[in-house]
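One-based numbering, in listed order, for ligands and for the atoms of each. The analysis underlying the following values was restricted to heavy atoms, covering all of them including side chains, and did not include hydrogens, waters or symmetry mates.
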Amino acid sequence: MIFKTDASETQAYLEDTSALRDGHTPGVYIPENQEEALQVLKKAADEKFRLTLSGNGTGTTGGRIPYGDYVLASNKLNRILGVEKHADGTGTARVECGVLLHDLQEEALALGLLYAPDPTESYCFIGATISNNSSGSRSFKYGATRKYVKRLKVALLGGDFLEIKRGDILADDDGILRFTLASGKKMEIAIPNYDMPKTSKHTAGYFSAPNMDLIDLFIGSEGTLGFVLEADLHLIPKPEKIIGVLAYFSDKDDVIRFVDEARERTKKAATPNELSARALEFFDANSLDFLRQKYPNIPAEAKGAIFFEQEVTAASEDELLGEWFDLMEKHHALLDNSWAALSVDEQRAMREFRHSLPVLVNEWLSKQETRKISTDMAVPQAQFQELFNLYETQCQAQKLPYILFGHIGDSHLHLNILPKNMADFHRAKDLYDEFMANALAMGGTISAEHGVGKLKSKYLVNLFGEAGIREMVRIKKIFDPDLMLNVGNLIPKAYLH
Ligand SMILES: Cc1cc2nc3c(=O)[nH]c(=O)nc-3n(C[C@H](O)[C@H](O)[C@H](O)COP(=O)(O)OP(=O)(O)OC[C@H]3O[C@@H](n4cnc5c(N)ncnc54)[C@H](O)[C@@H]3O)c2cc1C
């Protein structure tokens, strides 16, 4: 067991990619095997000290930042325990929580398999992506992490643990989950009694559904119920080939019409030989302006762009490309200037293009005296246009610089407001609250993919109401009766008693 207390060594565990910079800890436990992780959780319960669970610090919500708590780090629990290919072409990977998403993806690809969840940032740990139910651009076709978790081993405060295989423990018709811990202790939990938002992506609060699987209670629980030690993950056959296209448009309304039709056709596609996007990503005019610093060839008349990807085969590639170009032409894309990435190298260059946007924004922000305000809310598809218009009209009316980009296929855009000074920053924060209230009134979620962490916990009350938060506290206390695990994350602190 490694245990660090020296500030020069614990500093690395006090940050993630949120702007929170005032975390502090008396010490960081870095177990070198699963048994040692269980020992830390037992010691914490015996000696009554709080623990904050740490992944690789790429989270955006302050989830892994401790405020006086000890840290339990996953870094050394980083073994890929096996990757198996099955006769039907799918596979299973058994991994410990500290395995890098990037390493799992590479290992799967080498066997002709794909681990589908891809939350843009690949230097995150698998345990954290499970605890956050991470998703990304290609979740449009493949879904979020939840769908790929077949088995979990979760360590609990006190040093007990449970192993859950999907399908083994389902809530009965009265909403009760019954299961047994590794120690033999029998448990009973009534599932959370609230409705989830009807958005295509959602990761805020404990999962709830009739006859739900116990495994789903832990996925997306942001480390508030237990420490994910190990998982079995479903791998799908690696697609033979992918095509990627960046289509520019001179009229924003054409972009929306293009997306609506692409989404509808994707939903209806019944065979692999039909037009069917695996990603549909949006860049607004302001995003393109940022990108022009590095990519001066972006056409001057472009007022928006869509990046899309589709799985193809050598036999279907030409025809499907033709269908996509017909759709682009129908919606007046700037065909001559659009960029088709057909080779792996071109696709890497296109990924670099997309990744450049946050990099350029961060460079710009580093020269300002303030920080950005970014949204991760999503609304049901029928309300998407309303929220989109609200983002634009309000930012423009307030004269606040902004960019709007992201997962338009899932009706989920990230708005980044970029205040130039503190006065703008405060106005941007007020606007954020207004957007949040509107998104909730439209039946939306406070977080579609980045989770709640510490930054958004206060909004969870607006999503589920006080009764809903008390439901979460009731469940947390079954696993963590003294309220010591990831305190301050997800559930607002005022309700933890
Ligand atoms: C440029 C960029 C783009 C991103 N894009 C996306 C995106 O498209 N989609 C998306 O979903 N996310 C995205 N993210 C967010 C981030 O990558 C994910 O949330 C990821 O899951 C965090 O992993 P991590 O290992 O860095 O976790 P950390 O930041 O270290 O921790 C995240 C949370 O997980 C908890 N945790 C960590 N390990 C465990 C464990 N073993 N058991 C239980 N709880 C644990 C922590 O307590 C914390 O609450 C992006 C981040 C960046 C920087």
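Close approach to Thr129 involves these atoms of ligand 1, each under 4.0 Å from a residue heavy atom: 21 (O). Shown in contact with Gly226 at under 4.0 Å from a heavy atom are these atoms of ligand 1, numbered in order with element: 43 (C). Less than 4.0 angstrom separates some heavy atom of Cys124 from each of these atoms of ligand 1: 20 (C), 22 (C), 23 (O), 24 (P), 25 (O), 26 (O). Ligand-side atoms of ligand 1 in range of Gly59: 22 (C), 26 (O), 29 (O), range being under 4.0 angstrom from any heavy atom. The contact set between ligand 1 and Thr17, taken as ligand atoms under 4.0 Å from a residue heavy atom, comprises 53 (C). Close contacts of ligand 1 with Arg64, meaning ligand atoms under 4.0 Å from a residue heavy atom, involve 30 (O), 31 (O), 48 (C). Residue contact check: Ser54 has heavy atoms under 4.0 Å from atoms 37 (C), 38 (N) of ligand 1. Near Asn132, with a cut-off below 4.0 Å to any heavy atom, the atoms of ligand 1 are 32 (C), 33 (C), 34 (O).
Which of Thr120, Asp118, Leu485 comes nearest to atom 8 (O) of ligand 1 through a heavy atom is settled by distance: it is Thr120. Residue nearest to atom 13 (C) of ligand 1, selected from Lys201, His450, Lys454: His450 (by heavy-atom distance). In the candidate list Gly57, Pro66, Pro119, Ser135, Pro119 is nearest to atom 4 (C) of ligand 1, counting heavy atoms. Proximity annotation for atom 36 (N) of ligand 1: of Ser131, Ser18, Ser134, Ser131 comes nearest, heavy atoms only.
Between Tyr123 and His102, the ring planes are parallel. Angles under 30° get that label, and only those over 60° would be called perpendicular. Ring-plane geometry between Tyr70 and Tyr29 is classed as tilted, the angle between the planes lying from 30 to 60 degrees on a 0 to 90 degree scale. Ring planes of Tyr148 and His234: parallel class, angle under 30° (limits at 30 and 60°).
We find that Glu309 and Arg138 are not joined by a salt bridge, their nearest charged nitrogen and carboxylate oxygen being 4.0 Å or further apart. Residues Asp160 and Lys185 are not paired through a salt bridge, judged by the lack of any N-O separation under 4.0 Å between the basic side chain and the carboxylate. A salt bridge does not link Lys153 to Glu163: none of the charged side-chain nitrogens sits closer than 4.0 Å to a carboxylate oxygen.
Residue Asn56 has at least one N or O atom closer than 3.5 Å to an N or O atom of ligand 1.
Judged purely by distance below 3.5 Å, without hydrogens or angles, the side chains of Asn133 and Thr145 never pair a donor atom with an acceptor atom.
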